[in-house]
Amino acid sequence: MKVEIEKVYEPSKTESKWYKKWKDGGFFRSRPEAGKKPFTIVIPPPNVTGSLHMGHALNNTLQDIIIRFKKMRNFNALWVPGTDHGGIATQNVVEKLLKAEGKDRHALGREKFIERMWQWRAESGDTILNQLTRLGCALDWERTRFTMDETCSRAVLAAFIELFNRGLIYRGKRLVNWCPRCHTALADIEVEHEEEIGKLWHIKYPIEKAKGDKKEKFLVVATTRPETMLGDTGVAVNPEDKRYKKLKGSKILLPLVGREIPLVYDDAVDMTFGTGAVKVTPAHDPTDFEIAARHKLPHVVVIDFHGRMTEDAGADYKGLDRYEARKKVLHDLEARGLLLETVDHPHSIGHCYRCNSVVEPLVSEQWFLKVEEMSRKAMKAAEDGRIKFYPESWRKPYMMWLENLRDWCISRQIWWGHRIPVYYCRGKEQGASSKEEMKQSACPPIVSAEPPKKCPKCGGTNIEQDPDVLDTWFSSALWPFSVFGWPDKGRGKGQGSGEGLNDLEYYYPTSVLVTGHEILYLWVARMVQMGLTFMGDIPFSEVFIHGIVRDKSGKKMSKSLGNVIDPLGVMEKYGTDALRFALTQSAAPGRDMQLSEDSFVSARNFANKIWNASRFVMMNVEGIVWDENHIMTVWPMELADRWILSEYRKTVRDVTKAIENYDMDVAARTLYEFFWSKYCDWYIELAKIRIGSDDLKQRKAALSILIELLAGTLRMLSPVMPYLTEELWQSIRGFVKHTGSSENIMLSSWPEADESKIDQQALDEMALVQQVITSVRTIRSEMNVPPGKGITVTVKPHSDEKRKVIERNGSYLQCLAKIETMEINSKASRPKQSALAVISGYEIFVPLSGLIDLNKEKTRLEKELTGARQEIERCNQKLGNESFVTRAPAAEVDKIKQRLGDAQLKSERIAVSLQNLG
RNA sequence: GGGUAGUUAGCUCAGCGGAAGAGCACAUCCCUUACAAGGAUGGGGUCGCAGGUUCGAGCCCUGCACUACCCACCA
């Protein structure tokens, strides 16, 4: 085999070819297979409007690592791709396009608009999926789903009908969160609260004079929303509030409007807030809505679905935007002397999570899903451990959310989505078209997957479907089973397997759900509710929650802040593997991460290091004629071999454990540390001694270990850095024992390591050797000995055992510390004009006649001495502590004694040396 | 108002009961035949504050202070 390999790793040359080969080779495909354990992940479906951002890159890299890892561990691993139709968000995108063309959806009409939506989705909806291929994701593309495709839509209809039949879905006129810009209701969770400094206005409400009253009397109410006063139908105070007790039965004259409204007594009023008197606007405030219900106060709607004042707001205000109306109301109140005071008041304001408009609570007819029972089930699954959270700390927020959940408003007044499968008979009359009129029809609504031909009750054919669509999250909640064809259990039967297994039974419940915590409630909790309701089983047994990607200063990356780092740009500049590695390295479970350009540079450098180390190994391996027994174990191993094998085994053990535990950051760091700091910095350097030797047997010994461990490390790295490792694998697999017939790294197995073979003696001895080498290097560096210059060193071991270590590994010292001649002498004394190092078990003298700067050496030794003396003091303190000696474990006490001994010797020798220096 | 996490080297973060760590940045030397996207060496930290538990505490407990995020019908 001829090895030709560039000096610098160029990702673009590598990445372009592999994805297609993997895909065409069927490595991403999974079909049910009897006797093979499935491992399933369904992708959190990105919106069709999406373009790959860092959050996606992180989320999908982590999933890809898990899938590739499981494939290598011989699971039947499936990762299902797909996209979400993204209801409001997507409709907004297309509406914007229309607007640019000078059109709007209403002019276009529902049918044409939806046609346009589909056209857009056909043109642009796959962008993000294509970007996922660029990221290298091992998704089974033959299973790509879309929440509005036929399969998923069927599941949505079936789910709605089932829930309706079980009495869990109902329709009602409620005060809901309304976005006046998107023109639809929103679920509670779709409202984002932001703290703002608003104003609290104190307004005088005149009390109607009783007979004989001379003075004008007022009640003062405090409000943050003066414009809603036009819709007030009462004023409420707490029944315990002494200030207002004697006003019982009073009538209040609503200013500006002149309406007479009652004073009511209600526990919901907080006596300590404001003036203790609350204006009650049932149609525009949730609390007031409830107070009104208790006291039978009427509703007066003064704000419409566009956020403008209605006719009922009065002629002066009708048609005004709600904020203009506020100004005018305040102005008018002030003019009448009714505005008492204005104070700053911090409070949180709800915004639409799609367009950021201020949400308006409005009364409207909506569909709701009862959640109490589903929530109980979902909580139980987390409580009894059927669903595990990584990290565990996310369980509590999940529980708390479910505990306080209120019924879910599932209808949306937009056009893009799954239309609610409810039909209304408009009777035999023609012409009724508003929702109100439909409701008033005598016949009950018809709930059906197919449009009914005629009304089952009256036989009328004048039937119209409910105009609303379902919340996009309703379909997402079904994702873990809708992708497998639910409710049709037989669907997918035997797809390529011929074994009578069907997808739903084989793959459900899925294994792990990987997501950021921002959609824990919006999505994860709801999948659990729906999974338990429809499948009778959890949708996944593990939830791996990763952090949110932030910028260098800790802010969430967003287009509006302009602080996004585009993952596509990073892939372009540094390579996909570098992007993936950088993300993985900072992906501590549940912790947000701050990314900067630096992390990509460092990951790119790591990729290059892997490239060059592999290049080195291959350059030396080529030309060697291997016989059948080229395996590492044939030759007696020397220290470096035993050491690196032990380090490797530890790495395999730790990395495997880390990935299984979803500690991807630990896995990445462990591999980085092993490969760079151990394999490259030490083992390759030591192996060079034998590689340069004339003894072919020696060369083969070192190279066989180099290549075996390189292969193993590449395999471990491959889930994180698939492109680079695949490319290198193709060059080395011919030399490696374990490859079998595997053509691609994804099909080769994950390394196994026998932990019992971790050789502690080798680890300890190597640590000693490294210390000696490092201490000599330090002297060289600090005394400015030119790197090329060989030196003479005298090593004075303090025991026979220590002497043997040096004797055995003399060549290591000579090569790595550039020692020309080395004397080992237990009785040596420090030569004149020499530098000194004292480490545990050794003194090392480096004669530097002519080279040594005595002052420099003195300073250096003084520093060392100070350190040693501090150490002695610390140890003495401990050992002098009676309770330490008696209560600490003996091993600990021995350790301190050992350290004391080392430090004493060190300080003694250095002190003598300093004296000699003068 | 409630909850959760965080506060360790200039920056990003590991460590979570027994001598303060890594990467980046910085300084010195080196283009040594895998790699200058590299190598060797070095400087730099009363581990947010105050108590407590322990022979021993970044590490466990209790307060407090900031910071971030989440939840909430604070008119």
Side-chain angles (χ1 to χ4, degrees), chain A residues 5 7-9 175 188-189 193 200 221-225 228 236 268-270 273-281 285-291 345-348 361 391 393-394 396-397 400-401 404 406 517-518 520-521 547-548 550 552 554-556 574 578 585-586 588 590-596 598-599 601-602 604-620 665-666 669 672-673 677 680-681 684-685 688 692 774 777-782 784-788 816-818 871 874-875 878 881-889 891-893 895-896 899 903:
Chain A
I5 180 164
K7 201 171 170 181
V8 169
Y9 173 54
L175 195 64
D188 294 339
I189 196 172
H193 295 271
L200 192 62
V221 300
T223 180
T224 54
R225 299 203 56 194
T228 63
V269 180
D270 178 355
F273 189 90
T275 60
V278 192
K279 57 191 269 316
V280 180
T281 320
D285 182 276
T287 313
D288 296 2
F289 184 88
E290 283 166 20
I291 293 176
H345 176 62
H347 62 146
S348 76
S393 57
W394 278 102
K396 193 175 172 185
M400 285 182 61
W401 186 74
N404 298 313
R406 301 196 302 170
H517 52 73
E518 75 274 21
L520 178 64
Y521 312 130
I548 310 241
R550 299 175 182 284
K552 217 173 171 175
K555 290 198 187 73
K556 197 169 164 173
Y574 301 106
Q585 204 182 16
S586 359
R591 301 265 276 108
D592 290 355
M593 62 189 74
Q594 289 173 232
L595 279 183
S596 69
D598 291 350
S599 55
V601 172
S602 137
R604 187 268 320 261
N605 294 353
F606 182 47
N608 195 48
K609 186 76 181 181
I610 297 167
W611 182 261
N612 275 296
S614 306
R615 185 168 148 249
F616 170 78
V617 173
M618 283 184 265
M619 276 166 38
N620 286 290
D665 57 325
V666 174
R669 270 198 303 272
Y672 183 99
E673 159 78 10
S677 310
C680 291
D681 288 351
I684 286 185
E685 293 309 315
K688 279 177 181 172
T774 303
R777 280 171 170 175
T778 303
I779 290 170
R780 294 186 63 112
S781 172
E782 302 221 325
N784 291 328
V785 180
L816 294 203
K818 267 257 157 53
E871 173 82 350
R874 271 200 304 269
C875 292
K878 281 203 163 189
N881 182 344
E882 173 100 22
S883 31
F884 172 73
V885 179
T886 52
R887 303 176 93 152
E892 191 54 35
V893 178
K895 224 165 84 185
I896 301 294
R899 268 165 48 194

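Just so it is clear, the model here is predicted, and its values are computed rather than measured. We name chains A, B, ... by the order of the sequence lines, and we start the count at 1 in each one.
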Identify whether any heavy atom of [X] sits under 4.0 Å from a base atom; if not, whether one sits that close to sugar-phosphate; answer base, sugar-phosphate or nothing.
{"X": "A/Glu871", "result": "base"}
{"X": "A/Phe289", "result": "nothing"}
{"X": "A/Gly276", "result": "base"}
{"X": "A/Ala277", "result": "base"}

What is the separation between atom [atom1] on [X] and atom [atom2] on [N], rounded to the nearest whole Å?
{"X": "A/Leu520", "N": "B/C69", "atom1": "CG", "atom2": "P", "answer": "17 Å"}
{"X": "A/Glu892", "N": "B/G18", "atom1": "CD", "atom2": "P", "answer": "9 Å"}
{"X": "A/His517", "N": "B/C69", "atom1": "NE2", "atom2": "P", "answer": "10 Å"}
{"X": "A/Met593", "N": "B/A14", "atom1": "CE", "atom2": "C1'", "answer": "14 Å"}
{"X": "A/Glu518", "N": "B/A68", "atom1": "CD", "atom2": "P", "answer": "19 Å"}
{"X": "A/Arg780", "N": "B/A40", "atom1": "CZ", "atom2": "P", "answer": "14 Å"}
{"X": "A/Gln585", "N": "B/C13", "atom1": "CD", "atom2": "C1'", "answer": "9 Å"}

In whole Å, measure the gap between the [atom1] atoms of [N] and [M] for me.
{"N": "B/G17", "M": "B/G2", "atom1": "P", "result": "32 Å"}
{"N": "B/A57", "M": "B/A22", "atom1": "P", "result": "24 Å"}
{"N": "B/G58", "M": "B/G51", "atom1": "P", "result": "14 Å"}
{"N": "B/C71", "M": "B/C61", "atom1": "C1'", "result": "27 Å"}
{"N": "B/C60", "M": "B/C55", "atom1": "C1'", "result": "16 Å"}
{"N": "B/C59", "M": "B/C47", "atom1": "C1'", "result": "10 Å"}
{"N": "B/G3", "M": "B/G42", "atom1": "P", "result": "49 Å"}
{"N": "B/G56", "M": "B/C16", "atom1": "C1'", "result": "15 Å"}

>> For A/Asp270, give me all partners under side chain to side chain donor-acceptor pair (under 3.5 Å), at least two apart in sequence or on another chain.
In response: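 Expected list: A/Thr272.
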Sub-4.5 Å side-chain heavy-atom contact between [X] and [Y]:
{"X": "A/Leu175", "Y": "A/Glu290", "answer": "no"}
{"X": "A/His517", "Y": "A/Asp592", "answer": "yes"}
{"X": "A/Leu520", "Y": "A/Trp401", "answer": "no"}
{"X": "A/Val893", "Y": "A/Phe884", "answer": "yes"}
{"X": "A/Ser599", "Y": "A/Gln585", "answer": "no"}

For a quick test of reading the model, state the closest non-hydrogen atom pair linking [X] to [Y] and the distance between them.
{"X": "A/Arg780", "Y": "A/Lys818", "value": "NH1-O, 2.9 Å"}
{"X": "A/Leu595", "Y": "A/Ser586", "value": "CD2-OG, 4.0 Å"}
{"X": "A/Thr275", "Y": "A/Val221", "value": "OG1-CA, 3.7 Å"}
{"X": "A/Gly276", "Y": "A/Val269", "value": "O-CG1, 3.4 Å"}
{"X": "A/Lys878", "Y": "A/Ile896", "value": "CD-CD1, 3.9 Å"}

>> Donor-acceptor check, side chain of A/Arg777 to backbone of A/Leu816, threshold 3.5 angstrom: yes or no?
In response: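 Yes; at least one donor-acceptor contact below 3.5 Å.
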> Donor-acceptor pair, A/Asn612 side chain versus A/Asn608 backbone, under 3.5 Å?
Replying inline: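 Looks like yes, one N/O pair under 3.5 Å.
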Check nucleotides 59-61 of chain B against the protein and report each pair of N or O atoms closer than 3.5 Å, with its distance, or say if there are none.
none

Which residues pass the salt bridge (Lys or Arg N to Asp or Glu O under 4.0 Å) test with [X], sequence neighbours left out?
{"X": "A/Asp188", "result": "A/Arg406"}
{"X": "A/Arg225", "result": "A/Glu227, A/Glu360"}
{"X": "A/Glu892", "result": "A/Lys895"}
{"X": "A/Glu518", "result": "none"}

> side chain to side chain contact (heavy atoms under 4.5 Å, CB included) between A/Lys279 and A/Thr228: does it pass, once the steps are laid out?
Replying inline: CA-CA 9 Å; A/Lys279 57 191 269 316; A/Thr228 63; 2.7 Å; yes
> Closest nucleotide of RNA chain B for A/Asp288 versus for A/Ser677: which of these residues is on the 5' side?
Replying inline: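 Per heavy-atom nearest nucleotide, the more 5' residue is A/Ser677.
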> To the nearest 0.5 Å, how far apart are CZ in A/Phe273 and NE2 in A/His345?
Replying inline: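 NE2 of A/His345 is found 4.0 Å from CZ of A/Phe273.
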> Going through the distances and angles, do A/Lys688 and A/Phe616 end up as a side chain to side chain contact (heavy atoms under 4.5 Å, CB included)?
Replying inline: CA-CA 10 Å; A/Lys688 279 177 181 172; A/Phe616 170 78; 3.7 Å; yes
> Once each nucleotide of nucleotides 27-38 of chain B is scored for protein heavy atoms under 4.0 Å, what B/S/- sequence comes out, 5' to 3'?
Replying inline: ---S---BBSBS
> In B/S/- notation, 5' to 3', how is nucleotides 52-57 of chain B contacted by protein heavy atoms closer than 4.0 Å?
Replying inline: ---B--
> For A/Thr778 and B/G42, is the shortest distance between a side-chain N/O and OP1 or OP2 below 4.0 Å?
Replying inline: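 Yes, because at least one side-chain N or O of A/Thr778 sits under 4.0 Å from OP1 or OP2 of B/G42.
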>> If you compare every side-chain N and O of A/Arg899 against the phosphate oxygens of B/A19 (OP1, OP2), does one of them come in below 4.0 Å?
In response: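 For B/A19, OP1/OP2 do have a side-chain N/O of A/Arg899 under 4.0 Å.
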> What dot-bracket string describes RNA chain B from 5' to 3', counting Watson-Crick and G-U wobble pairs whose defining distances are under 3.5 Å, with [ ] for crossing pairs and | for pairs to another strand?
Replying inline: ((((((((.[[[[.)..(..]]]].(((((.......))))).....[[[[[..)....]]]]])))))))....
>> Syn if the chi torsion is within 90° of 0, anti otherwise; quick check, which is B/G23?
In response: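 The base of B/G23 is oriented anti (glycosidic angle more than 90° from 0).
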> Among all residues two or more places apart in sequence or in another chain, which pass the ring-ring contact (aromatic ring centres under 6.0 Å, His included) test with A/Phe606?
Replying inline: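 Expected list: A/Phe581, A/Tyr672.
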Below 3.5 Å is the cut-off: list the nitrogen or oxygen pairs between protein and nucleotides 72-74 of chain B, distance only.
residue, atom, partner, partner atom, Å
B/C73, O2', A/Thr287, OG1, 2.4
B/C73, O2, A/Thr287, OG1, 3.3

Please list, pair by pair, any protein nitrogen or oxygen found under 3.5 Å from a nitrogen or oxygen in nucleotides 1-5 of chain B.
residue, atom, partner, partner atom, Å
B/G3, O3', A/Lys396, NZ, 3.4
B/U4, OP1, A/Lys396, NZ, 2.6

